[in-house]
Amino acid sequence: QQKVQQSPESLTVSEGAMASLNCTFSDGTSDNFRWYRQHSGKGLEMLVSIFSDGEKEEGRFTAHLNRASLHVSLHIREPQPSDSAVYLCAVSPPYQGGRALIFGTGTTVSVSP
Amino acid sequence: EAGVTQSPRYAVLQEGQAVSFWCDPISGHDTLYWYQQPRDQGPQLLVYFRDEAVIDNSQLPSDRFSAVRPKGTNSTLKIQSAKQGDTATYLCASSHRGAEQFFGPGTRLTVL
């Protein structure tokens with residue numbers, strides 16, 4: 001069974017500094033990796049999805065995937081106070097009539113002005 | 001374009017009561033997912049449908065939980081005889097095939 005772990009549990013960064021979040025997974029057959037953001041009391045907003053080793057950038061958010069290390073990271077460039085939220089890593093197996101996402105427990109990011 | 005809508009937004013029950021959650025996916029999305037998100041945890045899949053067919057319900061506590069999507073559009077998730085351990089936010093998401101899943105705002109359930 002796929003297990004997804006995130007670190008750190010919480011992170012405080014200053015506005016404008018780089019924020020880095022980590023996610024490790026246990027099953028290397030997964031082929032789809034996503035980062036979501038969840039503001040308090042709100043639904044999930046997808047930030048970036050990545051399918052192959054390397055880097056993918058979406059605005060200020062960059063994901064790095066290394067399947068051999070079973071690791072995917074998220075870097076937030078120039079974070080703003082509005083980026084304060086819980087960040088969730090999600091992994092899915094190959095398409096089987098759908099893509100059931102397996103989530104980590106999240107990293108709480110606080111951006112101080 | 002309207003997003004995924006869910007109702008009610010909040011529900012408070014006593015143990016043993018029943019409750020139903022309703023989800024209206026994005027028009028044209030054939031795949032619908034229900035996730036349970038306990039407080040301070042990531043969402044966990046309960047069940048998902050492709051059109052009206054159940055693809056995976058292996059994580060659904062079948063003795064008290066049920067889910068249907070009779071016409072391949074809207075879906076209802078029902079909990080019979082709720083327990084305190086069911087306290088969580090219930091999220092619905094939809095997608096077209098295996099593409100990006102769009103999430104609704106969730107229904108926050110509290111069982112006293």
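Protein chains get the first letters and strands the later ones, always in sequence-line order, with residue 1 at the start of each. Bear in mind that the values here come from a model prediction, so they are computed numbers and not experimental data.
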Which atoms of [X] approach chain B - backbone, side chain, both or neither, heavy atom under 4.5 Å:
X	value
A/Gln6	neither
A/Leu44	both
A/Ile102	neither

#### Entry: Residues, nucleotides or ligands: over 12 heavy atoms within 6.0 Å of A/Glu55 CD
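Yes - once you tally the heavy atoms of other residues, nucleotides and ligands closer than 6.0 Å, there are more than 12.
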Identify which part of [X] has an atom lying under 4.5 Å from any heavy atom of chain A, answering side chain, backbone, both or neither.
X	result
B/Ala99	backbone
B/Asp40	backbone
B/Tyr35	side chain
B/Gln37	side chain
B/Gln41	backbone

### Task
Specify which of B/Gly106, B/Gly42, B/Pro43 makes the most heavy-atom pairs with chain A at under 4.5 Å.
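Greatest number of close heavy-atom pairs with chain A: B/Pro43.
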### Any A/Arg37 side-chain heavy atom under 4.5 Å of A/Met46 side chain
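In short, these two side chains do not touch, never coming nearer than 4.5 Å.
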### Query
Any side-chain heavy atom of B/Val19 sitting closer than 4.5 Å to one from B/Lys78?
no
### Message
Students often mix this up, so state it plainly: with edges at 30° and 60°, are the rings of A/His75 and A/His64 parallel, tilted or perpendicular?
### Response
perpendicular
### Query
Aromatic rings A/Phe103 and B/Phe103: how do their planes relate, parallel, tilted or perpendicular, breaks at 30° and 60°?
perpendicular
### Task
Using modelled atom types only, decide if a donor and an acceptor are shared between the side chain of B/Glu52 and the backbone of B/Thr73 within a distance under 3.5 Å.
no
### Query
If you count heavy-atom pairs under 4.5 Å with chain B, which of A/Gly106, A/Ser92, A/Ala100, A/Ser49 comes out on top?
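Going by pairs under 4.5 Å, I would pick A/Ala100.
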### A/Tyr36 and B/Gln101: side chain donor to acceptor below 3.5 Å
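A/Tyr36 vs B/Gln101: no donor-acceptor pair found between side chains.
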